[in-house]
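Everything numeric in this text was worked out from a predicted model, so none of it was measured.
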Amino acid sequence: MPRAQLRDFRGAIQTDGYGVYDYFEQQPDVTLLGCMAHVRGKFTDAQSSYPSLAQQATRYIELLYELEANLKARHATAEEIARERQSKALPIMDTMEKWMQVAAKDCTPSDPLGKALDYAYKLWPRLRRYADNGIYQIDNNAVERNQRPSVIGRKNYLFSKNDRGAEDNAVFYSLLESCQIVGVSPLQWLTDILQRISHDTTEQQIQAMLPYNYKKSQE
């Protein structure tokens with residue numbers, strides 16, 4: 001459960017609109033961010049029943065993504081990103097928010113467009129927060145992409161025989177995925193680490209062997 005797993009966490013959490021995450025809005029030193037990609041997906045789904053209105057919503061969202069692409073192409077600093085989001089992205093979101101209030105009068109809450117509007121409107125404060133800090137992201141797509149290998153592979157781990165086996169699998173899977181994220185060959189890492197680790201390896205030495213620190217040591 002997220003409450004148990006993140007009970008001591010302090011920082012930013014970016015999620016979709018799953019209600020279980022509402023709890024973190026009330027936690028001190030936690031910033032809850034929304035995911036614009038999920039909002040866009042809801043409006044894309046609504047295009048079959050309300051094409052013109054749903055497309056207007058996606059146009060607003062595409063403007064936000066165009067700004068992000070331009071900032072990335074310029075290699076903008078975190079300070080520059082925050083400044084441009086506040087001066088350019090938030091006005092777009094303000095305009096879209098007013099548009100949503102009007103568009104809601106043209107559909108019912110049970111319609112696909114009505115559901116998309118309700119989803120976006122409830123998350124709007126969380127969605128706006130990405131403009132507060134240049135290191136925040138407009139969506140959590142990068143995290144979800146990196147989760148896909150685990151989701152695809154988890155059926156292979158339904159038969160771990162016991163809890164200890166499942167925990168060991170989870171640890172190894174996390175380490176190998178970490179290698180992928182930081183750009184280290186999992187085979188190279190495993191080959192090297194397994195030759196050096198032993199029962200008397202210290203915690204400090206183990207920390208140095210973790211993929212991120214391992215990569216730094218190889219540079």
Side-chain angles (χ1 to χ4, degrees), residues 2 6 11-27 30-76 78-148 150-152:
L6 300 173
I13 302 174
Q14 189 164 32
T15 73
D16 58 16
Y18 185 35
V20 71
Y21 298 114
D22 294 347
Y23 165 81
F24 295 101
E25 284 278 21
Q26 312 304 323
Q27 301 311 300
V30 172
T31 300
L32 196 57
L33 305 173
C35 173
M36 189 63 73
H38 281 86
V39 173
R40 181 174 56 186
K42 299 290 184 183
F43 283 111
T44 299
D45 292 342
Q47 287 184 6
S48 59
S49 52
Y50 289 86
S52 60
L53 286 174
Q55 287 171 11
Q56 179 59 54
T58 58
R59 277 195 289 270
Y60 283 124
I61 296 172
E62 287 309 315
L63 289 174
L64 299 175
Y65 275 91
E66 286 176 14
L67 175 61
E68 294 301 301
N70 291 335
L71 291 168
K72 183 177 181 180
R74 282 167 37 201
H75 303 288
E79 292 75 14
E80 292 171 335
I81 292 171
R83 189 161 55 245
E84 292 223 14
R85 285 173 176 173
Q86 289 164 13
S87 65
K88 298 178 180 179
L90 290 184
I92 294 171
M93 295 189 72
D94 290 338
T95 301
M96 183 175 173
E97 184 176 11
K98 293 176 182 176
W99 172 85
M100 289 194 298
Q101 293 170 348
V102 175
K105 299 176 183 177
D106 295 327
C107 61
T108 66
S110 60
D111 290 330
L113 180 62
K115 292 179 179 179
L117 289 166
D118 181 65
Y119 182 87
Y121 204 73
K122 286 180 178 177
L123 296 180
W124 210 245
R126 300 180 197 174
L127 293 163
R128 289 175 60 90
R129 289 176 192 148
Y130 89 107
D132 294 342
N133 193 318
I135 68 170
Y136 294 160
Q137 302 297 312
I138 191 171
D139 59 41
N140 61 357
N141 280 353
V143 173
E144 296 209 359
R145 281 194 299 270
N146 287 324
Q147 285 179 333
R148 285 192 184 118
S150 298
V151 173
I152 293 170

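- Remark: Ile13 CD1 to Phe24 CZ distance equals 5.0 Å, nearest 0.5 Å.
- Taking the salt bridge (charged side-chain N to carboxylate O under 4.0 Å, His left out) definition, one finds that Asp45 meets it with nothing, sequence neighbours left out.
- Lys115 is linked by a salt bridge (charged side-chain N to carboxylate O under 4.0 Å, His left out) to nothing, counting only residues two or more places apart in sequence or in another chain.
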For a side chain to side chain contact (heavy atoms under 4.5 Å, CB included) check, start with the C-alpha distance between Arg59 and Gln56, then their side-chain angles and the critical distance, and finish with the verdict. CA-CA 5 Å; Arg59 277 195 289 270; Gln56 179 59 54; 3.2 Å; yes
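- Under the 4.5 Å side-chain criterion, counting only non-hydrogen atoms from C-beta, Tyr130 is not in contact with Ile81.
- Between atom CD of residue Glu66 and atom CG of residue Leu71 there is a gap of 12.0 Å, rounded to the nearest 0.5 Å.
- Applying the side-chain contact (heavy atoms from CB on, under 4.5 Å) rule to Ala120 yields the partners Val39, Phe43, Met100, Trp124; only residues at least two apart in sequence or on another chain are considered.
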Under 3.5 Å, side-chain donor or acceptor atoms of residues 86-94 against the rest of the protein: list the pairs with distances, not counting sequence neighbours.
from  : atom 1 : to     : atom 2 : distance (Å)
Gln86 : NE2    : Ala131 : O      : 2.9
Ser87 : OG     : Arg83  : O      : 3.1
Ser87 : OG     : Glu84  : O      : 3.4
Lys88 : NZ     : Glu84  : OE1    : 3.1
Asp94 : OD1    : Arg128 : NH1    : 2.5

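- Note: Leu32 CG to Tyr21 OH = 9.5 Å, rounded to the nearest 0.5 Å.
- Side-chain atoms of Asp118 do not come within 3.5 Å of backbone N or O of Gly114 as any donor-acceptor pair.
- For Tyr50, the side chain to side chain donor-acceptor pair (under 3.5 Å) test picks out Asp111, with sequence neighbours left out.
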Set out, in order, the CA-CA distance, both residues' side-chain angles and the distance that settles side chain to side chain contact (heavy atoms under 4.5 Å, CB included) for Leu123 and His38, then state yes or no. CA-CA 11 Å; Leu123 296 180; His38 281 86; over 6 Å; no
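- With rounding to the nearest 0.5 angstrom, the OG atom of Ser49 is 9.5 Å from the CD atom of Gln47.
- When side chains are defined from C-beta on, Trp99 counts as touching Leu117, because their heavy atoms get closer than 4.5 Å.
- Contact of the Asp16 side chain with the Tyr119 side chain is registered, since non-hydrogen atoms from C-beta on lie closer than 4.5 Å.
- In this view, Gln55 satisfies the side chain to side chain donor-acceptor pair (under 3.5 Å) rule with no residue, not counting sequence neighbours.
- In this structure, the side chain of Gln14 engages the main chain of Gln137 through a donor-acceptor pair within 3.5 Å.
- Between Leu127 atom CG and Asp139 atom CG the span is 10.5 Å, to the nearest 0.5 Å.
- Checked for salt-bridge contact, Glu25 and Arg129 meet the test: a charged N lies under 4.0 Å from a carboxylate O.
- In this structure, Arg85 fails the cation-pi test against Tyr136, since its NZ or CZ atom is not both closer than 6.0 Å to the six-membered ring centre and inside 45 degrees of the ring normal.
- Considering CG of Asp106 and CG of Leu53, their distance stands at 6.0 Å, rounded to 0.5 Å.
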